[in-house]
Amino acid sequence: MGSWRLTLPSDREVVAMHLLPHVLNTWERPGYFHEYVAALFSQDGPVGEAMALLIAVQLTERGMFAWPERGRLLLLGAAAAGCLPAVECGRQLGLALRRDVAKMGHVHPALEECAKQGAHRQVWEIMTGLLPVYLPGPDERPYSGHTRALSFAIDAAGWAGTSGPVPAVAVAAARKGTSSFVRTARALHEQLLGGQEQAATRTRA
């Protein structure tokens, strides 16, 4: 497994796809599996769903054979190397949350720690991929995890200094009622719109 990347030095996404069957098999995979993923950061070629899923899974791992700090180091390493598929990584995290494979209580602190280490922009991009697939649809009931995701997105957007509407957030903000979920969605939506207006004002000036 450690030499797979050498067979395709210019196509790391293909190597990542071959690593995927092993990422969920924590009982049998090597304890240094994360090193095989990290080695791909210095390879060539595009990155996509496979690389994103490898990082997303290890970022949220918990259990006897899991080391959450390794997932954070993978995310930070990919960001530093300029090969983190951040939006897709967020989408994979959102799907994991949807399928109850991961918990927002694990995702939030992991991403927050990465942001504190300097990955502000990447963490926000991850949230833009996570929210559309994780937030409840019009006929679905929101839960505390959804509100927590929106609340963290407010912080992440502020750290990244970003602006511009996120359609999934706009839909959530347009819901009727004054629940905590709706209030938080509206706060995030207004923050993003406010940042966009400020950016437009600076451009005109």
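Both backbone and side-chain heavy atoms feed into the values below; hydrogens, waters and symmetry mates do not.
In terms of hydrophobic clustering, with Ile, Leu, Val, Met, Phe, Trp and Tyr side chains grouped at heavy-atom distances under 4.5 Å, Leu8 and Val47 are assigned to a common cluster. Cluster membership for Tyr143 and Leu95, using ILVMFWY side-chain heavy atoms within less than 4.5 angstrom, is not shared. Leu54 and Leu76 sit in two unconnected hydrophobic clusters of ILVMFWY residues. Membership requires side-chain heavy atoms under 4.5 Å apart, directly or through other members. Following chains of ILVMFWY side-chain contacts shorter than 4.5 Å, one cannot reach Leu111 starting from Val101, and the two form parts of different hydrophobic clusters. Trp4 and Met17 sit in two unconnected hydrophobic clusters of ILVMFWY residues. Membership requires side-chain heavy atoms under 4.5 Å apart, directly or through other members.
Of the inter-residue distances, the one linking Glu13 atom CD with Met51 atom CE reads 6.5 Å to the nearest 0.5 angstrom. Between the NE2 atom in His106 and the CG atom in Leu97 there is a gap of 11.0 Å [rounded to 0.5 Å]. A distance of 9.5 Å separates CE of Met104 from OG of Ser151, quoted to the nearest 0.5 Å. Annotation: the span from Leu40 atom CG to Cys83 atom SG amounts to 8.5 Å, rounded to 0.5 Å. For the atom pair CG (Leu73) and CD (Glu35), the distance works out to 11.0 Å, reported to the nearest 0.5 Å. Atom CD1 in Ile55 sits 5.5 Å away from atom SG in Cys89 (nearest 0.5 Å).
The aromatic rings of His146 and Phe181 lie perpendicular to each other, with more than 60° between the two planes, well past the 30° mark. Ring orientation note: the planes of Trp159 and Phe152 are nearly perpendicular, at an angle over 60° on the 30°/60° scale.
Within the structure, every pair that satisfies the salt bridge (Lys or Arg N to Asp or Glu O under 4.0 Å) test and touches residues 99-108, not counting sequence neighbours, is listed here: Asp100-Lys103. The stretch residues 41-53 participates, sequence neighbours left out, in these salt bridge (Lys or Arg N to Asp or Glu O under 4.0 Å) pairs: Glu49-Arg91. Sorted pairs that involve residues 173-185 and meet side chain to side chain donor-acceptor pair (under 3.5 Å), not counting sequence neighbours, are lacking altogether. For residues 139-161, the set of pairs meeting the salt bridge (Lys or Arg N to Asp or Glu O under 4.0 Å) definition, not counting sequence neighbours, comprises Arg98-Glu140.
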task: Decide side-chain contact (heavy atoms from CB on, under 4.5 Å) for Leu84 and Phe41; before the verdict, give the C-alpha distance in whole Å, the side-chain angles of both, and the deciding distance to 0.1 Å.
output: CA-CA 9 Å; Leu84 175 67; Phe41 301 162; over 6 Å; no
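The minimum heavy-atom distance linking Ala52 with Glu88 is given by the pair CB-CG, 3.5 Å. Looking at every heavy atom in both residues, Val133 comes nearest to Gly129 through CG2-O, 3.8 Å. The minimum heavy-atom distance linking Gln43 with Ala39 is given by the pair CG-O, 3.6 Å.
A heavy-atom distance below 4.5 Å is not found between the side chains of Asp11 and Val15. Between Leu130 and Val107 there is a side-chain heavy-atom pair separated by less than 4.5 Å. At a threshold of 4.5 Å between non-hydrogen side-chain atoms, the residues Leu150 and Leu131 count as touching. Using a 4.5 Å cut-off on side-chain heavy atoms (C-beta onward), Leu59 and Leu93 make contact. Considering only heavy atoms from C-beta on, Pro165 comes within 4.5 Å of Leu193 through its side chain. Residues Val171 and Leu135 fail the side-chain proximity criterion, which asks for heavy atoms closer than 4.5 Å.
Applying the salt bridge (charged side-chain N to carboxylate O under 4.0 Å, His left out) rule to Arg12 yields no partners; only residues at least two apart in sequence or on another chain are considered.
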Pairs of donor and acceptor atoms involving the side chains of residues 119-127, under 3.5 Å and at least two apart or interchain, shall be tabulated with distances.
from: His120; atom 1: NE2; to: Ala115; atom 2: O; distance (Å): 3.0
from: Arg121; atom 1: NH1; to: Glu125; atom 2: OE2; distance (Å): 2.9
from: Trp124; atom 1: NE1; to: Thr162; atom 2: OG1; distance (Å): 3.4

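Other residues, nucleotides and ligands contribute more than 12 heavy atoms inside 6.0 Å of the NE2 atom of His22.
Of the possible donor and acceptor atoms, none in the side chain of Arg70 sits under 3.5 Å from a partner among the backbone N and O of His34. Side-chain atoms of Gln191 do not come within 3.5 Å of backbone N or O of Ala187 as any donor-acceptor pair.
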